[in-house]
Amino acid sequence: MKTKLCFFICLVSFFMYSQGPSSIAVNNKPSFDIKPTKVKTIDANGFSFELLDAGVNTKYSEFGSGFFRNKLIMVSSKKIGGFAKIDFNTNEAYKELFCLDVSTSGALSSPQLFSRILNTNDSEGQLTFSPNQKTVYYTRSSKENSLVYKLHKADLEEESHGNWINQELLDINSKNVSIETPFINSKGDKLYFAANNMDDSYGGYDLYVSDVNADGTLSTPKNLGSKVNTASDEKYPSLSKDSKYLYFSSKGHENIGGYDLFVSRILSTGYKAPRNLGNTINTSYDEVAYFLATDHKGYVSSNKPLGKGGFDIYTATNKEIIQSVKGEVLDLVTKIKLPNTLILLLDEDGVEVDRQITGEDASYNFNVVPFENYTITTNKDGFVNGSFEFLSTRNYNTTYNKDLELNTTEPVIAKVDDELRIVLENIYFDFNKYSVKEESTISLNKIIKVLKDNPEMKLALNAHTDNKGRESYNLKLSDKRAASALKYLIANGISKDRLQSKGFGEAKPLIDCKNNCSEEDLQANRRVEFVILED
């Protein structure tokens, strides 16, 4: 049973189909020869699509055009009864807008005419809705010139069930320029579209973008540039759900034949070179009007053989490729594992994708996307901040192995609280234990180097604990920890006469947080200080 909302926003019609077209139109532009060109060698290219008939195709042409209130809006030249007039440029009826129910599997059903206001006696093209679905940008051509489309805007009347008001022809239109296939990004602040005959065109149809102003008007269109546009036709822009990827159809890039589907990463500096979506979705015929309903499922129109006729709509499900990059964080010289290292995964724009802090095994593991550039950065006390470039180069499920090797920083001799100290990162011990952890031997080796470079220098090793536990226990524990560090120095060639050690327990906290200490405060108070003794 149809809901009241659907009843009001979709004008119910029964479809009575008459004779089919004698030619095929590719998004308003006729094409009288759809024989396949020679197939070029393009493999799956990192994609794995499954295509299924969407369930509403006829001998006429059908193109998807986005969603309105959980229904798919479709552009089609279906003939309604015996009243449809033929467009002699396409040999099909003038195009109308339809809305269709979408099942949980993505199958389409119950087509109805969409909006008696937006459907006219002229030919309707693609449309797109603002994120709040209160504004529509739509294209329409006149009977006098059915191949030249103009961009319009309308608003949905408050508390109405599909009453579009304030219809206007937008200022970016100009004479002899056809503006087609609009698409708004998820934020609603950018409108992408295809246009021909613009002054800065590379040839054929190019893709453009305009900023959407607060009042719904559009800024001066900006050509997407030579990475995206070619001397041939580019049409049907759409974006991923996160607006990071641009999808479009092109005849100009390396393709299998006709219009192929491509994807380009949108960067702060422009657009990456497009990647063909591969032979699991593209054919030697035309694939257009690809857009996503979810992250991995969408719709595409194709005029490949074995369809019902013209362009047919297919559900397109891309099996996700699972990739990751993993490894260990190590000291460059000793190859000792480095726990407690902050690792960031950054995308090509330098935006943080993920972060991790290494555990005792010093390992990390990030999920990545195929054919993307990343930067992995590291931050660990006592080590130079690392930066490692990474490119995911494979087109199948895989794990990349990449160990991160870090350089240590040099110790600093400085005055601290009226004491001359060798200042370096903290020395770590296991919980409630006094043996030096392996990673801290790297720090102690720095102390050894300073002492060997300064043979007259004498040093006091003063150990401190946090205030958890009994005071007497902490005092003994700190004393043993200081002695343990001293023992390591002696074992590595430093004379016992130059060293002394002492534990202070919790008596001298670096942060006097008393009974309100954070974990960071406790960690800061657990330390060993290296004080240079003066004669």
Side-chain angles (χ1 to χ4, degrees), residues 331 336-342 357-362 379-383 408-409 411-451 457-492 494-535:
D331 175 65
I336 290 174
K337 295 180 179 182
L338 301 177
N340 302 305
T341 303
L342 173 64
I357 296 177
T358 58
E360 289 301 313
D361 63 356
N379 181 283
K380 181 173 174 60
D381 194 21
F383 291 83
T408 60
T409 55
V412 175
I413 296 176
K415 203 86 170 177
V416 180
D417 296 333
D418 297 325
E419 294 178 333
L420 194 62
R421 299 181 187 174
I422 303 176
V423 181
L424 76 167
E425 62 279 1
N426 214 341
I427 303 297
Y428 291 100
F429 302 85
D430 283 321
F431 179 69
N432 273 349
K433 294 182 179 180
Y434 55 86
S435 57
V436 176
K437 296 187 73 170
E438 185 182 35
E439 64 169 302
S440 288
T441 62
I442 299 169
S443 303
L444 290 176
N445 288 340
K446 297 180 185 180
I447 299 294
I448 292 169
K449 183 176 185 305
V450 172
L451 290 172
M457 182 182 291
K458 295 182 178 181
L459 204 61
L461 285 69
N462 299 332
H464 305 266
T465 68
D466 57 38
N467 59 1
K468 296 179 71 174
R470 290 181 291 112
E471 184 176 348
S472 59
Y473 176 82
N474 286 335
L475 183 61
K476 291 179 181 179
L477 180 63
S478 64
D479 211 31
K480 290 179 179 179
R481 284 179 172 177
S484 180
L486 180 144
K487 183 178 179 180
Y488 181 86
L489 300 184
I490 294 173
N492 285 274
I494 304 301
S495 172
K496 182 179 180 180
D497 296 337
R498 300 173 61 190
L499 304 171
Q500 64 182 49
S501 65
K502 183 178 172 105
F504 290 85
E506 60 189 72
K508 293 185 176 183
L510 193 64
I511 301 174
D512 192 10
C513 51
K514 295 183 171 56
N515 294 323
N516 191 30
C517 299
S518 67
E519 184 56 42
E520 290 76 16
D521 296 336
L522 296 172
Q523 179 63 54
N525 287 335
R526 297 191 292 264
R527 67 198 189 278
V528 176
E529 296 171 345
F530 300 90
V531 180
I532 298 174
L533 300 175
E534 299 180 6
D535 291 333

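Residues: numbered from 1 along the sequence shown.
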Does the pair C517 and N467 meet the rule for a side-chain contact (heavy atoms from CB on, under 4.5 Å), with working shown?
CA-CA 9 Å; C517 299; N467 59 1; 3.9 Å; yes
Show your working on side-chain contact (heavy atoms from CB on, under 4.5 Å) between Y488 and I448 and close with a plain yes or no.
CA-CA 10 Å; Y488 181 86; I448 292 169; 3.8 Å; yes
In sequence, state the C-alpha distance, the side-chain angles, and the governing distance for K458 and D497, and then conclude on side-chain contact (heavy atoms from CB on, under 4.5 Å).
CA-CA 8 Å; K458 295 182 178 181; D497 296 337; over 6 Å; no
Test side-chain contact (heavy atoms from CB on, under 4.5 Å) on V531 and K502; report intermediate values, then the result.
CA-CA 11 Å; V531 180; K502 183 178 172 105; over 6 Å; no
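Residues forming a side chain to side chain donor-acceptor pair (under 3.5 Å) with R470 (at least two apart in sequence, or on another chain): S472. In this view, R481 satisfies the side chain to side chain donor-acceptor pair (under 3.5 Å) rule with no residue, not counting sequence neighbours. Evaluation of the side chain to side chain donor-acceptor pair (under 3.5 Å) rule for K449 yields D453 as partners, not counting sequence neighbours.
Among pairs with a residue in residues 433-442, those fulfilling side chain to side chain donor-acceptor pair (under 3.5 Å) read E360-K437, K380-E439, at least two apart in sequence or across chains. Within the structure, the ring pair (Phe, Tyr, Trp, His ring centres under 6.0 Å) test picks out no pair touching residues 512-535 (sequence neighbours left out).
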Under 3.5 Å, which donor-acceptor pairs do the side chains of residues 506-516 form with other protein atoms, sequence neighbours left out?
residue, atom, partner, partner atom, Å
E506, OE1, N474, ND2, 2.7
D512, OD2, K514, NZ, 3.1

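Atom CG in L424 sits 5.0 Å away from atom OG in S443 (nearest 0.5 Å). Interatomic distance, CG of L522 versus CG of D466, reported as 5.0 Å (0.5 Å rounding). For the atom pair CG (N462) and OG (S478), the distance works out to 9.5 Å, reported to the nearest 0.5 Å. Rounding to the nearest 0.5 Å places OG1 of T409 at 7.5 Å from CG of D381. Atom CZ of residue F504 and atom CG of residue D479 lie 9.5 Å apart, to the nearest 0.5 angstrom. To the nearest 0.5 angstrom, I490 atom CD1 is 8.0 Å from S495 atom OG.
N426 places a side-chain N or O within donor-acceptor distance of the main-chain N or O of R526, the cut-off being under 3.5 Å. With R527 contributing its side chain and N525 its backbone, the two residues share a donor-acceptor pair below 3.5 Å. A donor-acceptor distance shorter than 3.5 angstrom exists from the side chain of T358 to the backbone of T341, with no hydrogens or angles considered. Looking at K446, its side chain does come within 3.5 Å of a backbone N or O of G382 through a donor-acceptor pair. For D521 (side chain) and S518 (main-chain N/O), a donor-acceptor pair under 3.5 Å exists by modelled atom type.
Smallest separation of non-hydrogen atoms from P339 and G359: CB-O, 2.9 Å.
For the pair I442 and E425, the minimum side-chain heavy-atom distance is 4.5 Å or more. Looking only at side-chain heavy atoms (C-beta outward), I422 and M457 come within less than 4.5 Å of each other. Residues L461 and I447 fail the side-chain proximity criterion, which asks for heavy atoms closer than 4.5 Å.
In summary, of the residues considered (V450, L420, L451), a side chain to side chain contact (heavy atoms under 4.5 Å, CB included) with I532 occurs for L420 alone.
Under a 4.0 Å N-O distance rule, the pair K468/E519 does not qualify as a salt bridge.
Annotation for K415: atom NZ counts as buried by contact number, over 12 foreign heavy atoms lying within 6.0 Å.
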